[in-house]
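Structure, as structure tokens:
Side chains are part of it too, since the values below use all heavy atoms of this structure and drop only hydrogens, waters and symmetry mates.
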There are 2 protein chains.
Amino acid sequence: MTSNKAKVDLRDVARLAGVSLGSASRAINGAGASQAVQQKVEQAAAQLGYRPNHAAQSLRSRLSRTLGCLLPDIANPLYAQVFRALEDELLGVGYLPLLANGANDEDREVRALSMFTHRGMDGVILAPGNERSARLADALKALPMPAVIFDRELPGQHDSVLIDHAAGVRGAVERLMQFGHRRIALAVWQGDTRPVRRRIQGYRAAFTGAGLAVPDLVVQAENVTASAFAEISGLLARPHSPTALIVQGTHMLTSALRAVAARGLRMPEDISIIAIGDTPFAREHDPAVSVLTIDMQVAARHLVSLVLSRINEPSLPARRERVDLRYEHRGSVVGSSRR
Amino acid sequence: MTSNKAKVDLRDVARLAGVSLGSASRAINGAGASQAVQQKVEQAAAQLGYRPNHAAQSLRSRLSRTLGCLLPDIANPLYAQVFRALEDELLGVGYLPLLANGANDEDREVRALSMFTHRGMDGVILAPGNERSARLADALKALPMPAVIFDRELPGQHDSVLIDHAAGVRGAVERLMQFGHRRIALAVWQGDTRPVRRRIQGYRAAFTGAGLAVPDLVVQAENVTASAFAEISGLLARPHSPTALIVQGTHMLTSALRAVAARGLRMPEDISIIAIGDTPFAREHDPAVSVLTIDMQVAARHLVSLVLSRINEPSLPARRERVDLRYEHRGSVVGSSRR
DNA sequence: ATGAAAGCGCTAACAG
DNA sequence: CTGTTAGCGCTTTCAT
């Protein structure tokens with residue numbers, strides 16, 4: 001300990017370095033100081049153990065170097081992955097993500113946005129639970145900082161990063177067709193959100209694109225956290241039960257596996273399965289489950305780049321980036337043997 | 001819009017309300033203003049759409065009203081639950097959690113702590129990956145704000161919230177014993193962290209407490225994210241294979257279920273299973289899996305209460321709160337039929 | 001490139 | 001209880 005003051009401030013550093021406060025600031029921020037000053041200030045700062053005061057920086061520069069991240073549910077591995085990727089991406093450029101759980105609760109989402117405003121976030125990344133919430137739309141419109149939407153379609157012009165669910169699911173269906181499957185089922189959540197809509201859309205497009213009738217094999221679970229066991233069991237009990245199944249998320253995957261087992265079927269011999277979203281569970285299952293994966297690094301990179309560029313250039317036109325759903329083949333998909 | 005200034009500040013509010021800046025501040029903060037002033041200020045604030053500037057509040061009051069939360073891995077449902085509970089708890093008292101993923105990476109943890117310092121966190125809640133990291137211990141010691149440790153035993157005196165894994169697992173083993181089980185196995189992660197140590201300890205205590213020899217039925221997975229399929233399969237292949245199994249976490253639960261199925265055994269008829277940590281998967285499995293659950297609301301309440309009380313009263317002695325592991329009985333546990 | 005000075009928006013200390 | 005005043009620690013003019 002060299003000082004006996006409670007806290008070291010930049011003034012102390014400047015004094016020890018024998019330069020003015022302004023020069024010390026410039027040196028610390030690497031903004032136009034001579035080699036000599038730079039060196040002296042850095043040494044003084046190190047010697048005193050100087051840490052800049054973020055509140056003061058923030059107040060003066062009007063930049064918090066923080067991005068509010070409003071995600072539906074951090075317990076969902078998908079969003080946990082996004083957050084983790086955002087963290088990696090932001091930390092590298094001196095930014096920080098501030099996470100808030102939306103919890104599919106309009107009220108909570110609006111409050112989070114308000115909190116982001118109060119806390120002076122430089123920008124916001126958000127994936128609201130409900131795309132049609134008027135209150136959220138209003139809150140979003142009133143936001144004083146730029147926002148980027150993740151995988152949702154909201155009214156108005158926004159920068160957004162969209163996962164290409166339609167193409168992904170279509171590709172998966174086509175892959176299954178190549179394996180000889182025709183009775184291909186799709187299990188998704190109930191609820192009218194972009195991911196669900198697009199997946200169904202892609203599913204249909206695969207059949208119509210192949211000149212086939214779209215089979216009546218789409219089931220929707222009651223809500224995001226519900227098991228789809230009953231729905232999938234019902235599907236499997238039909239006379240011409242599906243030979244392949246695409247399911248949304250880990251949760252539905254486990255339901256599907258249970259339904260398959262309960263019916264005395266084997267995977268993949270009797271039914272091939274593709275899950276949407278990669279998880280350790282899918283990877284380590286036996287057989288490992290083929291998945292449509294999202295490269296969250298890529299998604300995060302786009303999100304960050306969109307919001308940071310707009311902070312610097314607010315008048316940019318609204319942009320949208322697409323992120324592919326990549327098919328990863330594993331043991332859960334084989335040729336169809338049943339007719 | 002009533003104003004044409006870029007931003008409304010408290011001075012504007014005070015002016016419109018016809019009171020001094022100080023009075024306006026007191027009214028906004030609910031700290032000693034007369035009814036009349038209170039009312040006028042509130043109305044003026046509402047009319048102007050005033051939002052306090054958090055950086056300025058923070059700079060002046062030396063309080064960020066933010067708690068740094070360093071958790072090992074937000075993708076782990078357990079920690080996602082803690083964060084969610086912390087968020088609920090803190091939002092209610094005007095605080096905010098700032099989440100950082102430690103990722104079981106010493107470097108990352110130390111950096112997170114440094115970032116917490118820079119950002120002026122009022123306190124820190126942390127669950128480091130490695131309890132014996134000297135660098136982390138040093139960083140922790142140098143922390144200028146109070147810290148509370150979650151479910152870890154770190155060198156030095158700290159406030160902490162500890163899950164009572166030992167009693168929990170002991171209780172679970174005893175429960176299984178009441179069901180007639182004797183060959184009870186325990187599958188936990190490798191690695192020397194408090195939760196693992198305590199669970200093994202509780203497991204042993206159950207046997208010695210019952211006057212029985214501790215069976216050689218504890219297996220440890222290679223690492224936190226590894227599947228324990230091989231280890232558990234090995235266990236089940238032994239001549240006197242276990243009739244009951246306690247597994248740690250969702251991940252190992254799925255491994256265990258797979259191993260059981262692969263061996264041609266049925267759950268619960270051939271083997272009873274208890275998982276540590278409740279998840280939708282465990283609840284919705286068929287049969288539903290009995291679990292040892294942690295009430296994260298309670299844990300979060302203790303964490304917040306400890307850190308906030310220490311902010312106000314830094315000289316308090318180190319305290320530790322215990323949180324029970326509660327057994328929740330479901331269909332995966334039945335009487336032992338095998339000998 | 002550097003120093004001096006101003007002030008970001010707010011709260012706290014003080015006097016009345 | 002209220003108004004006045006002084007900064008919190010920093011960045012950013014503005015001169016030089």
Side-chain angles (χ1 to χ4, degrees), chain A residues 3 5-42 44-45 48-66 94 117-122 144-145, chain B residues 3 5-42 44-45 48-66 94 117-122 144-145 311-312:
Chain A
S3 88
K5 275 190 53 176
K7 194 66 186 118
V8 178
D9 68 16
L10 191 54
R11 181 156 253 118
D12 300 325
V13 175
R15 197 174 301 136
L16 178 61
V19 301
S20 76
L21 183 58
S23 292
S25 171
R26 286 181 282 254
I28 293 285
N29 294 298
S34 65
Q35 287 286 334
V37 169
Q38 186 80 19
Q39 202 114 43
K40 284 191 291 184
V41 170
E42 271 169 17
L48 296 175
Y50 169 73
R51 305 289 337 246
N53 178 315
H54 181 257
Q57 294 181 309
S58 191
L59 174 59
R60 185 59 238 241
S61 69
R62 321 192 129 282
L63 240 51
S64 65
R65 300 208 166 276
T66 314
T117 305
H118 174 205
R119 298 261 175 167
M121 300 294 99
D122 296 342
M145 73 291 251
Chain B
S3 90
K5 276 190 53 175
K7 193 69 185 120
V8 178
D9 68 14
L10 191 54
R11 180 157 255 117
D12 300 325
V13 175
R15 197 173 302 135
L16 179 61
V19 302
S20 75
L21 182 59
S23 291
S25 171
R26 286 182 284 254
I28 294 286
N29 294 297
S34 65
Q35 286 285 335
V37 169
Q38 186 80 20
Q39 202 115 43
K40 283 192 290 184
V41 170
E42 271 169 17
L48 296 175
Y50 169 73
R51 305 288 339 243
N53 179 315
H54 181 256
Q57 294 181 309
S58 191
L59 174 59
R60 183 61 239 237
S61 69
R62 322 191 129 282
L63 240 51
S64 65
R65 302 209 166 275
T66 314
T117 305
H118 174 206
R119 298 263 175 162
M121 299 294 99
D122 296 342
M145 73 290 253
I311 290 170
N312 297 322

Taking only heavy atoms on the protein side, list every residue of residues 30-42 of chain A lying under 4.0 Å from any atom of DNA chain C, sorted numerically.
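Contacts with DNA chain C under 4.0 Å: A/A33, A/S34, A/V37.
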At 10 degrees resolution, what angle do the end axes of the helix from C/dA1-D/dT16 to C/dG16-D/dC1 form when each is taken over five base pairs?
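Angle reported: 30°, given to the nearest ten degrees.
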Looking at B/D9, is its backbone amide N or carbonyl O close enough to the side chain of B/D12 to form a donor-acceptor pair, meaning the two atoms are under 3.5 Å apart?
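Answer holds: yes.
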Atom CG of A/L59 and atom CZ of B/R60: how far apart are they, to the nearest 0.5 Å?
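Going from the CG atom of A/L59 to the CZ atom of B/R60 covers 12.0 Å.
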Can you name the residues that form a side chain to side chain donor-acceptor pair (under 3.5 Å) with [X], not counting sequence neighbours?
X: A/R51; result: B/S114
X: B/S20; result: B/S23
X: B/T117; result: none
X: A/S64; result: A/D122

Distance-only donor-acceptor pairs under 3.5 Å for side chains of residues 30-41 of chain A, two or more places apart:
| unit_1 | atom_1 | unit_2 | atom_2 | d |
| --- | --- | --- | --- | --- |
| A/S34 | OG | A/V37 | N | 3.3 |
| A/Q38 | NE2 | A/A27 | O | 3.2 |
| A/Q38 | NE2 | A/E42 | OE2 | 2.9 |

Assign a letter to each nucleotide of nucleotides 10-16 of chain D from its 5' end: B, base within under 4.0 Å of a protein heavy atom; S, sugar-phosphate only; -, no contact.
BBBB---
Can you check the [X] [atom1] to [N] [atom2] distance for me, whole Å?
X: B/R15; N: C/dC10; atom1: CZ; atom2: P; value: 12 Å
X: A/H118; N: C/dG9; atom1: NE2; atom2: P; value: 14 Å
X: B/R65; N: C/dT11; atom1: CZ; atom2: P; value: 10 Å
X: B/L63; N: C/dT11; atom1: CG; atom2: P; value: 11 Å

Heavy atoms, side chains only, cut-off 4.5 Å: are A/R62 and B/K7 in contact?
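No, side chains not in contact.
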Below 4.5 Å, heavy atoms only, C-beta onward: do B/L10 and B/S25 meet side chain to side chain?
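Yes, at least one pair of side-chain atoms sits under 4.5 Å.
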Go through the structure and list residues passing side chain to side chain contact (heavy atoms under 4.5 Å, CB included) with B/R119, not counting sequence neighbours.
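Side chain to side chain contact (heavy atoms under 4.5 Å, CB included) list for B/R119, sorted by chain: A/H54, A/R65, A/T66, A/L96, B/M115, B/M121.
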